[in-house]
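Just below is one structure, and these are the notes that go with it.
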Amino acid sequence: MMQALLNGLVSGLLIALPAIALSLTYGILNFANFSIGAMITTGAYLAYLVNTTLGAPILVAAPIAAVLLALIAIVIQRGIYRQIRNADHITLLVASMGVAFVLENVIRFFFGADVRTLDVAVARPLSWNGLRLNHEQLLIVTVTLSAMALVAIVLKRTRLGRAMRAISDDPELAEVRGIERARTVDWTWAISGVLTTLAGVLIALDGIVDPLIGTNYLVSVFAAAVIGGIGNPFGAVAGALIIGIVEETSALAVSTTYRQGISFVVLALVLLLRPQGLFGFARIKR
Amino acid sequence: MTAPSRSLRMLDVSAGYGATDIIHTVNLTASAGLITTIAGPNGAGKSTLMKTLAGLLRPRQGSIWIGEQEITALPPPRRAAAGLGYVPQERNVFRNLSVDENLRIGFEFIHRSSGGGEFAAARGRVLDLFPDIAARPKALAGTLSGGQRQMLALGCALIAGPSILLLDEPSAGLSPLYVTSMLDAVAAVNLSGVTVVMIEQNVIEAVRISHEAVLLAGGEIKGRWPANEFLSDPHVRSSFLGGIASKPGLREAVSNDASAA
Amino acid sequence: MTGYFVAILTFVSLAVLLGFALNIQWGQAGMINFGLAGFYGVGAYTAAILSKQGVDGVSATVAAIVTTAAISALVSLATIKLREDYLAITTLAFSESVRLVLMNETWLTGGTNGIRDIPRPFVDLVGGERYELFFLAACIVLVAAVYFLLDSVIRSPFGRALRAVREDDVVAATLGKDVLALRVKAFAIGGAVIGLAGALHAFYFTYIDPGEFAGFVTVYAFMSVIVGGKGSNRGLVMGACTVMILLEGTRFLKDFVPFFTAQQAASLRLIMIGTGLILVLIFRPSGLSSEYRLSSPKTADTTS
């Protein structure tokens, strides 16, 4: 049980990164980015590419991949989402599904459906009072917590962060106050690209690289963001931890193959009982 | 707030939503360093005119000028950078951000390269003007009272040191005591050289501090008066005050005040 | 070659049915169904499992329709008060859960091996040789029937209320429309049509497995609707044909570019479908065939 709880926390932290990314783009662009799963996959493959073909160690490959995906995300924003006229949030949502479809199949085109692994050494797990924590999990904890701290600092302490929160709060007033929306949107996509790449690399380190690694997390990530009150990045972290723990502990009773099914049930319950998210009260609407 | 005063002009501006114009070939000059009040009945197009000045609405024709600089094509952030401060009527603070963050946002995107010292100084000047909001810098703006929120909104526009200030109903929803102190604050800001263009439902209070008054009705400018003559002008009384005279209490208030002035 | 065209036209009929469903759910009611593939799977498996148990084809089809409609109503119920984004993610999550059940509950669904030798309805009467042609005729008749049924729904007061809710559910609610019931009904009607398409899918292929009910089905259906012009059932036929031509046309791609593997050619086709969807959204947001929108809401309102 304790082991499941620990595993749940770790996997929750993993889900938290893309859930934050999802919440940030939702808050600022006001649409749900369904390509978030494909972005995770793309980030993992970019890291894989730099790691195995260029032979760069993963600690170098991951940041390079993160920058690449950040650039790709900005190109997609400028080339697709911004080009859609009369863009209501549903049209953008459908477009993001199209983007996911293209990204996933571009990966299939170049890499096929083969399962690959990153080029890293395997180490023995740490043991403490009967609880096991392997090095990948330790890495997940370190990287995700650092990334979250960094995002929190950006949001709370920097001009960019204030611009993001201002646009999320009231886009029209933000413009009046001198905030250039397009520039802030680009940065939001860049952050989203970095966070999803980190998640992709961590997932790949903990297992394998295949064209569906990100899509397999799509439902969990959305469930986390919705539980946290979609558009609220700090709520998304809490939502992710809840989802992670529920998924891992439920594995004691239900087959692990139903991990996504559990997320669906949690999601449906939250939507029925507390549609504004468990932490939705934190935002002032009027 | 020490820059030389600048005027704001609209030349033949028509604007509206979709295919229909709400304001028609409006020519308007807000003289440098003065307070100009735009008055008119409900639905006259006052807020549309304000939004067009702020850049939230693109004019279908005509041009807009700050001094000798044309700003017609500038989006709202560039207009703000050009020295145009705007306080919308509603939703004029970021409700989920703190008072301090609201003020900082008002400053930092217009003075991009300035250091923390300049912000602190600007913040000090604004809080001197509105001591009410200085007490709770960490409070979320959405938790402030209506009056405090209105002051914060004005403070956020002022902190950037605009040369022109657009106010959309600064006293809306305020208690009578707050209305007076709010408008006194506007007058104080104007004394430092800031050109003010204001829409105000409370015309009596507005003309008290204004230098000039413009009548807007049916989306057109009907005339322009020195502020102290505005309410006694027969044309104004018939076309505009006639409208509110249907409310008996108001008519009395208006005529009393007009005769007192 | 005739056999090939019969097959293509049958695929188009199935795609058109799925498009009809999206058109009532999304086009009329503004409800996004990203889990279409899952509902399609529910319909197909219901029909297949019952037929294998000896239930006759017509009853199995009716059961598939009813089951899919009921499940659609349930799923839509969970998110009915919220913005469309939530319905999109809930239906997607539902679809993934369906796929998990299909893959893992081997006792019921055969797992990843799927279900083989699904008995075809009326095969004794028609005979094996002409069965494909018969099936196509049946599909076309069903498409026409569904078209006229949906058209009358769209023109009915119910259809108008649905559009009113889509435009502004607060206004619609104040007008006394029961928003919740309207939306659940719309989603269930769409679900019924998906269930029918699923059953036809099972009977046509006589073999189904979970891989056929993955996300790409949803993308194809959305592509058909977007190309045809959202909300237009006539445009949809053209949209479905366009998608099918794209899919089938690019199937020959690998003959011309021999250095691609079959896998790469398949990926390339899907990339083209996704890119096509995005391009249509950017350049022709009202679809390629907006001039065919005779049964669009406006006309329907003025003629009724």
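By convention in this document, chain letters (A, B, ...) are assigned in the order of the sequence lines, proteins followed by strands, and residues within each chain are numbered from 1.
- Side-chain contact between A:L267 and C:Y86 is absent, with no heavy atoms from C-beta onward closer than 4.5 Å.
- Here the shortest heavy-atom pairing between A:Y258 and C:E105 reads OH-OE2, 2.5 Å.
- Taken to the nearest 0.5 Å, the CD1 atom of A:I90 stands 9.5 Å off from the CZ atom of C:R166.
- Pairing each heavy atom of C:S97 with each of A:G261, the nearest pair is OG-CA, 3.6 Å.
- The two residues C:Q263 and A:G112 come nearest to each other via the heavy atoms CG-CA, 4.3 Å.
- Interface residue C:I32: only side-chain heavy atoms are found under 4.5 Å from chain A.
- Of the atoms belonging to C:V101, heavy atoms from both backbone and side chain fall under 4.5 Å from chain A.
- Only the side chain of C:F222 comes within contact range of chain A, with heavy atoms under 4.5 Å apart.
- Residues A:F264 and C:T90 have side chains in contact (heavy-atom distance under 4.5 Å, counting atoms from C-beta outward).
- For chain C, no part of A:V265 is nearby; none of its heavy atoms comes within less than 4.5 Å.
- Interface remark: C:F34 contributes side-chain atoms only to the contact with chain A (heavy atom separation under 4.5 Å).
- Taking every heavy atom of both residues into account, A:I84 and C:L281 meet most closely at CG2-O, 4.0 Å.
- Scanning both residues, A:V219 and C:E96, for their nearest heavy atoms gives CG2-CG, 4.0 Å.
- A heavy-atom distance below 4.5 Å is not found between the side chains of A:F222 and C:L92.
- Ranked by heavy-atom pairs shorter than 4.5 Å toward chain A, the options C:T275, C:I226, C:L277, C:I278 are led by C:I278.
- Between the OG1 atom in A:T91 and the CD1 atom in C:I282 there is a gap of 12.0 Å [rounded to 0.5 Å].
- Separation of atoms CG (C:L268) and CZ (A:F109) is listed at 5.0 Å; rounding is to 0.5 Å.
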